[in-house]
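The structure under discussion appears below in the form of structure tokens.
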Protein chains: 2
Amino acid sequence: MLHRRFISARYGAAHANSTSPHHDLMISKLENSFPLSAEEKQALLELPIQIVDIKPHQDIVKMGDKPSQCCLLLEGFSCVYKLSLEGKRQIMTMHIPGDIPDLQSLHLEIADINIASISACKVGYIQHKDLHRLCERYPRLTSAFWRETLVDAAIFREWLLNIGQREGYSRIAHLICELMMRLKAVGLTENNTFNMPVTQAELADATGMTPVHVNRVLQALRTDGLIISNKKQITIPDWQKLTEAGEFDPLYLHLNEKKVS
Amino acid sequence: MLHRRFISARYGAAHANSTSPHHDLMISKLENSFPLSAEEKQALLELPIQIVDIKPHQDIVKMGDKPSQCCLLLEGFSCVYKLSLEGKRQIMTMHIPGDIPDLQSLHLEIADINIASISACKVGYIQHKDLHRLCERYPRLTSAFWRETLVDAAIFREWLLNIGQREGYSRIAHLICELMMRLKAVGLTENNTFNMPVTQAELADATGMTPVHVNRVLQALRTDGLIISNKKQITIPDWQKLTEAGEFDPLYLHLNEKKVS
DNA sequence: CGAGCGCTTGATGCTAGTCAAAGCTGGTGG
DNA sequence: CCACCAGCTTTGACTAGCATCAAGCGCTCG
């Protein structure tokens with residue numbers, strides 16, 4: 001059973017400075033690349049969010065669903081995946097806290113993907129109707145959300161290059177670089193170390209490889225001194241070398257573009 | 001040299017029924033999944049478009065560019081691609097008439113992709129500022145354009161599944177199914193036949209294979225009776241069998257969802 | 001009619017897949 | 001607190017799909 005908590009997330013005008021950690025996560029993410037006015041932030045703070053805890057490896061959205069809400073990832077890792085007819089799974093992106101995995105459902109009625117937790121997660125559900133109302137009133141927020149979906153698409157494209165043209169060693173290195181960079185942007189790294197609660201089987205599904213081969217590549221990366229892994233902790237001793245191995249260029253993440261619309 | 005024609009695409013209110021084939025292409029595409037009011041259509045018709053002819057295999061947008069306009073593909077095929085450091089090319093999607101290949105540039109300042117023609121093309125450039133103004137005034141058009149970029153993303157995801165998890169034979173079959181379906185939606189097929197001005201080397205770049213292997217797979221598809229190819233014409237004698245071979249399910253294209261926002 | 005591009009074919013080898021089994025580890029219950 | 005179990009990781013042996021290299025063929029267009 002899911003553990004559900006209904007959070008009263010409405011703040012009166014008198015509490016303009018009130019904050020909620022959940023809303024702040026979303027706001028700081030949007031603001032990272034798109035400056036927001038006080039009024040726009042206030043409007044975001046007033047969004048009702050329903051908090052739900054999710055267990056590891058559990059579906060959040062299933063292909064064919066017609067969701068009436070978007071989910072904001074608050075804690076943990078989740079992923080988007082599809083299955084081939086033979087049951088092979090392709091993970092298309094991983095989401096970290098602050099991401100809105102199915103923002104696309106705002107304008108695509110039927111989900112064409114599955115979304116699942118990787119680790120235990122906490123997600124916040126936001127009703128489509130609330131988001132639509134917000135976008136109507138604040139066109140700049142529409143742009144900010146639209147932009148988020150465009151960055152998601154840029155990540156899919158980079159993964160296509162990764163899987164289509166690079167060999168196993170580079171693919172894994174690239175994925176680790178991306179996670180490092182994105183986690184750093186939301187303050188979830190420390191001394192080139194971060195938590196990666198991802199099994200080798202999941203890495204395999206994300207890189208189009210087999211678990212056996214992922215295991216061997218990880219060993220190679222370790223012996224080459226590109227990563228140090230301890231349980232689910234990854235440390236990157238030499239960022240330069242890892243980015244070279246993964247051909248990693250963070251342009252596609254569109255972090256910190258100074259966007260002044 | 002590019003052959004440039006500046007088309008005066010403005011129509012007065014007195015010409016509410018005036019049409020331009022270029023604008024109509026865009027309008028009918030948007031309307032396919034998102035009904036538009038007469039007023040919205042009129043506003044689209046008034047968009048200034050600058051028509052340019054492009055030769056085959058020519059870059060239209062380059063990584064690092066900061067475009068101030070979007071291009072609407074009017075004739076021919078184009079593609080989005082990226083290069084790995086070793087110079088290997090991954091094509092991420094193909095565009096057909098009616099598509100807007102770099103709509104993303106509306107909200108992502110720096111292009112993280114290259115866009116190139118495949119065949120000879122005719123494109124129409126639309127200034128960002130005109131699109132921004134349009135979106136401000138007609139929020140439903142914002143939604144329609146946003147939705148277009150979401151369908152693009154859905155195609156990237158399906159290609160990830162295709163390249164990551166399916167073998168060569170299925171990949172090519174899937175790609176042909178997708179092109180058939182999308183071309184049909186804009187009326188560019190006839191009796192299960194369509195024009196595919198794509199070289200085997202480009203098919204290879206699109207599917208993460210080598211040209212040699214693409215050649216062998218195409219021969220297999222032909223001898224299995226799944227496709228008939230004559231020059232650049234492709235005929236699909238048995239749609240059912242081809243979709244099975246390619247595991248093709250058109251859900252991800254989000255065609256004809258009755259969207260009544 | 002020759003040049004160039006794209007298509008086709010053959011021989012060979014590597015990357016990564018498959019199958020199988022054994023070690024590890026963390027969580028659970030007695 | 002220890003024993004056990006399940007899921008994850010690691011290892012080995014073998015194989016397949018696809019890449020690579022190389023050369024010849026056949027259009028089409030100037």
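All of these numbers come straight from a predicted model, not from anything done at the bench.
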Going by the angle between their ring planes, with limits at 30° and 60°, are A/W239 and A/F248 parallel, tilted or perpendicular?
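The arrangement is perpendicular - the two ring planes meet at more than 60°.
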Where do B/L175 and B/L203 land on the side-chain contact (heavy atoms from CB on, under 4.5 Å) test, with the steps shown first?
CA-CA 9 Å; B/L175 176 54; B/L203 281 179; 3.5 Å; yes
Nearest whole angstrom, please: distance from the P of D/dC18 to the CD of A/Q165.
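Between P of D/dC18 and CD of A/Q165: 14 Å.
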Using whole Å, what does the distance between atom C1' of nucleotide C/dC7 and atom CZ of B/R222 come to?
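In whole Å, C/dC7 C1' and B/R222 CZ are 9 Å from each other.
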Are side-chain N/O atoms of A/E158 and A/N162 paired as donor and acceptor at under 3.5 Å?
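No, A/N162 and A/E158 have no side-chain donor paired with an acceptor closer than 3.5 Å.
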Do A/R166 and B/S84 get their side chains close enough for a donor-acceptor pair, meaning under 3.5 Å?
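Per modelled atom types, A/R166 and B/S84 side chains form no pair under 3.5 Å.
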Is any side-chain N or O of [X] closer than 4.0 Å to OP1 or OP2 of [N]?
{"X": "A/N215", "N": "D/dT10", "value": "yes"}
{"X": "B/Q200", "N": "C/dT8", "value": "yes"}
{"X": "A/K232", "N": "C/dT25", "value": "no"}

Contacts of type side-chain contact (heavy atoms from CB on, under 4.5 Å), residue A/E202, not counting sequence neighbours
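Applying side-chain contact (heavy atoms from CB on, under 4.5 Å) to A/E202 gives A/H57, A/R89, A/I91, A/I118, A/V198, A/T199.
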Angle between the end axes of the helix from C/dC1-D/dG30 to C/dG30-D/dC1, five pairs per end, to the nearest 10 degrees?
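One end's axis against the other's: 40°.
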Spell out protein contact along nucleotides 15-23 of chain C as letters: B when the base is contacted, S when just the sugar-phosphate is, - when no protein heavy atom is under 4.0 Å; keep the 5' to 3' order.
-SSBB----
For B/V123 versus B/C71, what's the shortest heavy-atom pair and its separation?
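For B/V123 and B/C71, the tightest heavy-atom pair comes out as CB-CB, 4.4 Å.
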Using atom names, set out every protein N or O paired with an N or O of nucleotides 25-30 of chain D below 3.5 Å, distance rounded to 0.1 Å.
unit_1 : atom_1 : unit_2 : atom_2 : d
D/dT28 : OP1    : B/K231 : NZ     : 3.3

By salt bridge (Lys or Arg N to Asp or Glu O under 4.0 Å) - contacts of A/D112 (at least two apart):
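Per chain and number, A/D112 pairs via salt bridge (Lys or Arg N to Asp or Glu O under 4.0 Å) with B/R157.
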List the residues meeting ring pair (Phe, Tyr, Trp, His ring centres under 6.0 Å) with A/H95, not counting sequence neighbours, and say none if there are none.
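Ring pair (Phe, Tyr, Trp, His ring centres under 6.0 Å) check on A/H95 returns nothing, list empty.
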Which nucleotide in D/dC8, D/dT11, C/dT8 has an atom nearest any side-chain atom of B/Q219:
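The listed nucleotide nearest to B/Q219's side chain is C/dT8.
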